[in-house]
Amino acid sequence: MTNMKGIWTKQTLINLLLGQFLSLLITATGFLSSELARKGINAPTSQSFLNYVLLALFYGVLMIYRQEGIKAKWYFYVLLGIVDVEANFLVVKAYQYTSLTSVMLLDCWAIPCVLFFTWFFLKTKYRPRKLVGVAICIAGLVLVIFSDVHAADRSSGSNPIKGDIIVIAGATLYAVSNVSEEFFVKSADMVELMAFLGLFGAIVSGCQIGILERNELRSIHWSAGAALPFVGFSLAMFLFYSFVPVLLKRSGATMLNLALLTSDMWAVVIRIFVYHQKVDWIYFVAFAAVAVGLLVYSGRDKVDKNVADEGIVRSKRFDEETGLDPARKDAIESSRTEENRQSFDAETMPGIQFQGR
């Protein structure tokens, strides 16, 4: 019991809760994208454009107010903006060809990509326990992929195979984006990252809208049913992008992508209560597996914890052997320090000659 308390700290619980908040936000964006696709609105770049504008305005003002220099090269942010825009474009585009559940399941391809990229580029070392946690999470989703309910849901898309390929491509770009953001948020600055990502993301999105989606935007009948999902998607994405760097700095890109796996399960909740569809019991088994995998991955390493505890135990054992309580020990150490200082001054002062100006 003591060991469990040492592993599950307040920081661990905060990371888990923050991850689930982000998971709910990404589920909301998926639900809204699916609703827009059901209404025949196919403008994936336009959906993300307002999010980038909000990021550029909000964090740009903060950056100007702070009046600090740029810590990273601006052209790196340009590349990040291109990758991020295209990742959003591909994943949102996939909703035109396959189902909500298929998209949110197949984006788990980002996890092995993130593991590889962080290991290769950021030199992140993963202990066996963390790899076990990743394996448990992925195993939970494999259960769903092979379930009958998922197979039936896939058939609802117009071109499931094409949609799945698009999702995998988008998930790979998401992995590149997440790992790059982890690097920038740890080596540069979160406000700078969000400001430039918003700026260059808005520029790239604007150019792409002008090339690919002009006719689509003109054909949209802008009623409340069309405008509200657009605005809701942008607000959810803005909150998601704002809190992602916080989790990246605290736990890294792998933890972020593992936490987002539960969005697949929240999508099942939407299917039950919004679309009134029946789901197989295996979904709940998968949800439990993902939850266990997250707990295994996010717990503190026992090796690191034992090293810190060893010093504390040694200190307490010494105090017990000498019969000193902590307060008495501090008083004696302080007294000894003062006596040593005075002794040193008395011995060295006679040999010191002071020279006037």
Side-chain angles (χ1 to χ4, degrees), residues 11-12 14-27 29 51 55 71-72 76-77 79-88 90-91 104-138 141 167-194 196-198 201 237 239-264 290 293-301:
Q11 180 178 354
T12 301
I14 292 175
N15 292 342
L16 289 172
L17 291 174
L18 180 58
Q20 290 313 294
F21 175 65
L22 293 174
S23 181
L24 286 171
L25 288 175
I26 207 67
T27 303
T29 62
N51 165 54
L55 289 173
K71 299 178 181 179
F76 289 132
Y77 291 122
L79 296 175
L80 177 60
I82 294 173
V83 170
D84 198 74
V85 168
E86 299 311 319
N88 286 326
L90 290 174
V91 172
M104 304 193 78
L105 284 173
L106 291 175
D107 65 2
C108 69
W109 168 251
I111 294 173
C113 293
V114 166
L115 286 172
F116 175 76
F117 293 149
T118 52
W119 169 77
F120 188 81
F121 294 105
L122 303 185
K123 308 302 179 184
T124 302
K125 295 181 180 180
Y126 295 99
R127 297 185 183 276
R129 179 178 59 77
K130 291 190 177 294
L131 296 178
V132 170
V134 173
I136 294 174
C137 288
I138 296 178
L141 294 181
V167 172
I168 291 173
T172 304
L173 292 182
Y174 269 140
V176 175
S177 177
N178 291 157
V179 174
S180 300
E181 287 183 32
E182 179 181 348
F183 172 77
F184 285 125
V185 81
K186 291 180 177 179
S187 62
D189 180 68
M190 170 186 164
V191 174
E192 176 182 310
L193 168 64
M194 290 292 100
F196 279 108
L197 178 59
M237 286 291 285
L239 291 174
F240 178 78
Y241 272 69
S242 296
F243 283 96
V244 158
V246 179
L247 187 59
L248 287 175
K249 192 168 186 177
R250 295 174 64 94
S251 301
T254 304
M255 177 61 186
L256 169 66
N257 282 272
L258 288 176
L260 296 183
L261 287 181
T262 55
S263 64
D264 308 326
V290 172
L294 279 174
L295 291 174
V296 172
Y297 181 89
S298 60
R300 289 182 60 184
D301 292 321

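This structure is a prediction, so every number in the text was calculated from the model and none was measured. Note that the numbering runs from 1 along the sequence shown for the chain.
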Any side-chain heavy-atom pair of Thr124 and Trp119 under 4.5 Å: no
Is there a side chain to side chain contact (heavy atoms under 4.5 Å, CB included) between Ile14 and Arg250 once you walk through the steps? CA-CA 10 Å; Ile14 292 175; Arg250 295 174 64 94; 3.6 Å; yes
Does NZ in Lys186 sit with more than 12 non-hydrogen atoms of other residues, nucleotides or ligands closer than 6.0 Å? yes
Does the side chain of Val290 come within less than 4.5 Å of Leu258's, by heavy atoms? no
Look up atom CG in Leu25 and atom CD in Gln20, then write down how far apart they are to the nearest 0.5 Å. 11.0 Å
Quick one: do the Tyr174 and Asn257 side chains pair a donor with an acceptor below 3.5 Å? no
Indicate yes or no: at least one non-hydrogen side-chain atom of Phe240 is less than 4.5 angstrom from one of Leu260. yes
Heavy-atom distance under 4.5 Å between the side chains of Met194 and Ser242, does that happen here? no
In this structure, CG of Asn88 is separated from CG of Asn51 (nearest 0.5 Å) by 7.5 Å
Minimum heavy-atom separation for Ala253 to Leu248, with atom names? CA-CD2, 3.4 Å
Check whether any side-chain heavy atom of Thr262 sits under 4.5 Å from a side-chain heavy atom of Thr27, and report yes or no. no
Taking C-beta and beyond as the side chain, do Val244 and Met190 meet within less than 4.5 Å on heavy atoms? no
Residue list, side chain to side chain contact (heavy atoms under 4.5 Å, CB included) with Ser187, at least two apart or on another chain: Phe183
For the residue pair Tyr297 and Thr254, establish whether any side-chain heavy-atom pair is separated by less than 4.5 Å. yes
Mind checking whether Val114 and Val179 have side chains closer than 4.5 Å, heavy atoms only? yes
Tell me whether the rings of Tyr77 and Phe196 are parallel (<30°), tilted (30 to 60°) or perpendicular (>60°). parallel
I'd like to know if the side chain of Ser23 and the backbone of Ser263 have a donor-acceptor N/O pair within less than 3.5 Å. yes
Measuring from Leu80:CG to Leu197:CG, what's the distance to the nearest 0.5 Å? 5.0 Å
Over all heavy atoms of both residues, which pair between Ser251 and Asn15 is shortest? Give the atoms and the distance, please. OG-ND2, 2.9 Å
Once you measure the plane-to-plane angle for Phe120 and Phe116, does it fall in the parallel (<30°), tilted (30-60°) or perpendicular (>60°) bin? parallel
Considering all heavy atoms of both residues, which atom of Val83 and which atom of Leu173 are nearest to each other, and what is their separation? CG1-O, 3.5 Å
To the nearest 0.5 angstrom, please state how far the CG atom of Leu131 sits from the OH atom of Tyr126. 8.5 Å
So how far is it from Glu181 CD to Lys249 NZ, rounded to the nearest 0.5 Å? 14.0 Å
Verdict with reasoning, Glu182 to Thr118, per side chain to side chain donor-acceptor pair (under 3.5 Å): CA-CA 9 Å; Glu182 179 181 348; Thr118 52; 6.0 Å; no
Could you state the interatomic distance from CG (Asp84) to CG (Leu79), rounded to the nearest 0.5 Å? 12.5 Å
Provide the closest heavy-atom pair for Cys113 versus Ala175 in the form atom of the first, atom of the second, distance. CB-CB, 3.5 Å
